[in-house]
Amino acid sequence: MPMGHTATQQAGSGGLKATEHRLANGLRVVLSEDHLTPVAAVCLWYDVGSRHEVKGRTGLAHLFEHLMFQGSAQVTGNGHFELVQGAGGSLNGTTSFERTNYFETMPAHQVELALWLEADRMGSLLTALDEESLENQRDVVKNERRQRYDNVPYGTAFEKLVSMAYPEGHPYHHTPIGSMADLDAASLEDAREFFRTYYAPNNAVLSIVGDIDPEQTLAWIEKYFGSIPSHDGKRPPRDGTLPEVIGGQLREVVEEEVPARALMAAYRLPHDGTRDADAADLALTVLGGGESSRLHNRLVRRDRTAVAAGFGLLRLSGAPSLGWLDVKTSGGVEVPAIETAVDEELARFAQEGPTPQEMERAQAQIEREWLDRLATVGGRADELCRYAVLFGDPQLALTAVERVLDITAEEVRAVAAARLRPDNRAVLVYEPVQGAEDAADTAEAAETDAAEGEAAQ
């Protein structure tokens with residue numbers, strides 16, 4: 001083994017194993033062999049997300065995700081995409097509150113290409129970063145914001161709820177997409193400083209999962225990444241600590257061109273990586289995870305006051321997680337009727353907890369989702385990086401299912417009673433403007449006429 005590598009003892013779950021190694025420059029490497037199919041995933045997580053940004057410069061982490069595909073010293077323009085896809089692979093990158101990741105899934109014999117590409121942009125992106133590429137990707141991100149947030153029904157709901165649940169000045173107060181004004185304000189020097197600060201090997205975890213030869217793979221990693229210098233100038237994110245309960249209901253009514261009234265809410269829940277977070281995940285699964293959930297059965301099937309009702313968990317490690325409630329009303333149903341029913345179901349659950357059948361179903365649902373994710377080389381590579389970056393131990397990814405199955409019904413009830421309360425939520429009420437209601441009625445009438453016409457034929 002080259003100097004600078006250390007390895008941890010193998011650990012596994014369900015036959016899955018992973019080994020960890022470290023280069024002299026601080027890059028952490030996690031390998032997991034899987035010879036079932038001749039493919040491999042390369043995943044690189046940088047410990048930087050929107051929580052590292054400061055007021056006036058929001059959106060830089062996401063903007064930089066785009067800039068990483070604009071060329072480096074030896075790969076110009078769109079070359080990263082062209083080389084990976086030309087070799088039969090797929091690739092992408094994403095940005096969240098807590099990390100930025102880049103990933104390729106390749107035919108097994110093309111792993112070296114993916115490693116060379118990732119190393120080239122980690123070590124030499126500043127060579128190619130100029131005003132032209134910055135302006136190009138600034139426009140791309142602004143257009144993404146328009147298409148996914150500003151110009152779609154309910155598109156800014158998540159952004160609004162996040163800003164309510166996390167107060168002004170909190171590192172999670174803004175979402176990764178950033179604001180238009182801040183995107184316009186970002187300079188080339190801002191981008192260069194961002195790269196120098198966060199895109200260093202000692203601020204990253206690289207995982208390779210699939211049909212690999214570990215010894216050869218480590219040799220390639222040393223060859224391409226080993227000479228990239230570390231950087232010690234990283235600023236830690238600001239403290240995300242908040243009270244467990246908001247302490248009073250926060251509320252906003254939004255009048256927009258949306259197809260139906262909606263009730264959305266965000267509840268502060270336990271930090272990711274804790275037993276309470278797993279219990280909260282199970283609680284939300286029983287309450288709103290699919291068509292067998294309590295809220296779906298009550299609002300959609302029984303009362304027929306909603307066309308959709310769901311509850312999901314946004315896991316966060318550096319701040320309270322968020323429980324996300326989303327209910328779209330049916331016909332002319334008013335939101336207060338929906339809200340009363342939701343509160344009744346939450347209060348009943350907080351008192352009684354899940355039934356044995358609900359507990360078994362929720363655990364089986366989460367177990368299946370986890371196993372499905374770990375069964376793919378890309379999903380497993382991503383989870384190994386996640387647990388290494390956020391919790392310091394990639395092996396935790398392989399035992400996550402066991403921890404969920406160990407949660408008791410009383411723990412699920414207790415976390416619901418403590419957190420799923422009216423005084424611990426930010427609420428958005430969507431009311432359609434008249435034009436939207438008329439358009440929705442016209443569309444519904446047209447669909448009915450079309451259906452009747454088909455039936456007559």
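Basis for what follows: all heavy atoms, side chains included, without hydrogens, waters or symmetry-related copies.
Cation-pi geometry between R121 and F69 is met: the NZ or CZ atom falls under 6.0 Å from the ring centre, inside 45° of the normal.
Legend: ring pair (Phe, Tyr, Trp, His ring centres under 6.0 Å) pairs involving residues 379-420, not counting sequence neighbours, sorted by first then second residue: Y387-F391. Every pair passing salt bridge (Lys or Arg N to Asp or Glu O under 4.0 Å) that includes a residue from residues 321-331 is listed here, sequence neighbours excluded: D326-K328.
With contacts defined as side-chain heavy-atom distances shorter than 4.5 Å, the pair L27/I221 qualifies. At least one side-chain heavy atom of P320 sits under 4.5 Å from a side-chain heavy atom of H271. Looking only at side-chain heavy atoms (C-beta outward), V333 and R261 stay at 4.5 Å or farther from each other. Taking the side chain as every heavy atom from C-beta outward, W370 and L405 never approach each other to under 4.5 Å. Looking only at side-chain heavy atoms (C-beta outward), F225 and L23 come within less than 4.5 Å of each other. A heavy-atom distance below 4.5 Å is found between the side chains of K142 and R146. At a threshold of 4.5 Å between non-hydrogen side-chain atoms, the residues V404 and E367 do not count as touching. By the 4.5 Å heavy-atom criterion applied to side chains, L242 and P167 are counted as neighbours.
Residues passing the ring-ring contact (aromatic ring centres under 6.0 Å, His included) test with Y46, sequence neighbours excluded: Y102, Y199. Residues that satisfy the ring-ring contact (aromatic ring centres under 6.0 Å, His included) test with H170, not counting sequence neighbours, are Y166, Y172. Listed by chain and number, the residues in a side-chain hydrogen bond (donor to acceptor under 3.5 Å, both in side chains) with D139 amount to none (sequence neighbours excluded). Applying the side-chain hydrogen bond (donor to acceptor under 3.5 Å, both in side chains) rule to N297 yields the partners R301; only residues at least two apart in sequence or on another chain are considered. Evaluation of the ring-ring contact (aromatic ring centres under 6.0 Å, His included) rule for F158 yields W324 as partners, not counting sequence neighbours. Under the side-chain hydrogen bond (donor to acceptor under 3.5 Å, both in side chains) criterion, T197 pairs with E193, not counting sequence neighbours. When the side chain to side chain contact (heavy atoms under 4.5 Å, CB included) test is applied to S50, the partners found at least two apart in sequence or on another chain are E53, F97, H174, P176. Under the side-chain hydrogen bond (donor to acceptor under 3.5 Å, both in side chains) criterion, R386 pairs with D272, E383, not counting sequence neighbours.
For E244, the CD atom sits in a loose shell: 12 or fewer heavy atoms of surrounding residues, nucleotides or ligands are nearer than 6.0 Å. By the 6.0 Å contact criterion, CZ on R148 is open, its count of non-hydrogen atoms from other residues, nucleotides or ligands being 12 or less.
A distance of 6.5 Å separates OG1 in T58 from CG in L183, rounded to the nearest 0.5 Å. Distance check: L325 CG to L420 CG gives 9.5 Å after rounding to the nearest 0.5 Å. With rounding to the nearest 0.5 angstrom, the OG1 atom of T156 is 12.0 Å from the OH atom of Y154. Of the inter-residue distances, the one linking F81 atom CZ with Q70 atom CD reads 9.5 Å to the nearest 0.5 angstrom. With rounding to the nearest 0.5 angstrom, the CG atom of L263 is 12.5 Å from the CD atom of E334. Taking CD of E358 as the start and OG of S292 as the end, the distance is 8.5 Å to the nearest 0.5 Å.
Side-chain N or O atoms of Q363 include one that pairs as donor or acceptor with a backbone N or O of I407 at under 3.5 Å. Without hydrogens or angle criteria, R138 side chain to D184 main chain gives a donor-acceptor distance under 3.5 Å. Of the possible donor and acceptor atoms, one in the side chain of S321 sits under 3.5 Å from a partner among the backbone N and O of P270. Distance alone, capped at 3.5 Å, places no donor-acceptor pair between the E118 side chain and the L44 backbone. Here the side chain of N202 pairs a donor or acceptor atom with the backbone of H231 at under 3.5 angstrom. Judged by distance alone, with hydrogens and angles left aside, the side-chain atoms of D47 form no donor-acceptor pair with the main-chain N or O of N203 at under 3.5 Å. Under the 3.5 Å distance criterion, the side-chain polar atoms of D423 are left unmatched by any main-chain donor or acceptor of Q249. Using a distance-only test at 3.5 Å, with no hydrogens or angles considered, a donor-acceptor pair links the side chain of E65 to the main chain of T95. Checked by atom type and distance alone, the side chain of H52 pairs as donor or acceptor with a backbone atom of G49 at under 3.5 Å. The main-chain N or O of K17 is found under 3.5 Å from a side-chain atom of S32 such that the two form a donor-acceptor pair.
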Going through the checks in order, is the side-chain contact (heavy atoms from CB on, under 4.5 Å) test met by I212 and E33? CA-CA 6 Å; I212 59 172; E33 287 185 79; 4.2 Å; yes
Test side-chain contact (heavy atoms from CB on, under 4.5 Å) applied to L60 and Y198, step by step: CA-CA 12 Å; L60 260 179; Y198 297 108; over 6 Å; no
Decide side-chain contact (heavy atoms from CB on, under 4.5 Å) for R298 and R348; before the verdict, give the C-alpha distance in whole Å, the side-chain angles of both, and the deciding distance to 0.1 Å. CA-CA 12 Å; R298 168 72 185 271; R348 184 164 67 91; over 6 Å; no
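Heavy-atom minimum distance, G323 versus F311: C-CE2, 4.0 Å. The two atoms that bring F195 and M122 nearest to each other are CZ-O, 3.2 Å, heavy atoms only. Heavy-atom minimum distance, P354 versus M359: CG-SD, 3.9 Å. Scanning both residues, L428 and K160, for their nearest heavy atoms gives CD1-CB, 3.8 Å. Residues V141 and L63 approach most closely at CG2-CD1, 4.0 Å, considering heavy atoms. Smallest separation of non-hydrogen atoms from A309 and V300: N-CG2, 4.2 Å.
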Contacts under 3.5 angstrom, residues 275-290 side chains, donor-acceptor by atom type, not counting sequence neighbours:
| residue | atom | partner | partner atom | Å |
| --- | --- | --- | --- | --- |
| R275 | NE | E411 | OE1 | 3.4 |
| R275 | NE | E411 | OE2 | 2.5 |
| R275 | NH1 | D406 | OD2 | 3.0 |
| R275 | NH2 | D406 | O | 3.0 |
| R275 | NH2 | D406 | OD2 | 3.2 |
| R275 | NH2 | E411 | OE1 | 3.2 |
| D278 | OD1 | R315 | NH1 | 3.4 |
| D278 | OD1 | R315 | NH2 | 2.9 |
| D281 | OD2 | R315 | NH2 | 3.1 |
| T285 | OG1 | D281 | O | 2.7 |

Anything under 3.5 Å between a donor and an acceptor, one on a side chain of residues 204-211, the other on a protein residue two or more places apart or in another chain? List them.
| residue | atom | partner | partner atom | Å |
| --- | --- | --- | --- | --- |
| S207 | OG | A381 | O | 2.8 |
| D211 | OD1 | H35 | ND1 | 2.5 |

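No salt bridge links R302 with E345; every basic N to acidic carboxylate O contact stays at or beyond 4.0 Å. In this structure, E20 pairs ionically with R28, as a charged nitrogen and a carboxylate oxygen lie closer than 4.0 Å. Under 4.0 Å is where a charged nitrogen must lie from a carboxylate oxygen, and between R99 and D382 no such pair does.
With 3.5 Å as the limit, one finds a donor-acceptor pair spanning the side chains of E168 and H173.
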